[in-house]
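Values below: every heavy atom of this structure, side chains too, minus hydrogens, waters and symmetry copies. Sequence positions, counted from 1, serve as the residue numbers for this chain. Just so it is clear, the structure is predicted and the values come from calculations on it, not from any experiment.
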Amino acid sequence: MNKNLIGLHHITAITSSAPKIFNFMIEILGLHLIKKTVNQDDIRTYHLYFTDDMVKAGTDITFFDFL
């Protein structure tokens, strides 16, 4: 088994404002919303997926929207 870390697939964070994160990721960072699902642990909240133009592993960042 290879135990060397060769990179990250994605990072997940928590936000209290999906609209603010959406605007920041799209307008400021130039990323794209590629997927919007519900959080499987709390279906009242969203799970938002952002990435670059090429959808390369390591460029993904996801957010859980908790108030």
Exercise. Could you go step by step and tell me if K35 and T37 meet the side-chain contact (heavy atoms from CB on, under 4.5 Å) rule?
Worked result: CA-CA 7 Å; K35 188 175 181 183; T37 64; 3.4 Å; yes
Problem set entry | Joint hydrophobic cluster, I21 plus I28, side-chain heavy atoms closer than 4.5 Å | yes
Exercise. Are V38 and I34 co-members of a hydrophobic cluster defined by side-chain heavy atoms under 4.5 Å apart?
Worked result: no
Problem set entry | Test item: side-chain donor near acceptor, D52 and H32, under 3.5 Å | no
For this session: For T45 and D65, test the side chains for any donor-to-acceptor distance below 3.5 angstrom and give the result as yes or no.
Result: no
Heavy-atom check, side chain of [X] versus side chain of [Y], under 4.5 Å:
| X | Y | value |
| --- | --- | --- |
| L33 | L48 | yes |
| L31 | I61 | yes |
| T12 | F64 | yes |
| T59 | F50 | no |

For this session: Evaluate side-chain contact (heavy atoms from CB on, under 4.5 Å) for M25 paired with F63, printing each intermediate quantity in order.
Result: CA-CA 11 Å; M25 292 294 155; F63 288 89; 3.4 Å; yes
Seminar exercise, completed: CG (L29) and CG (N23) are apart, to the nearest 0.5 Å, by 11.5 Å
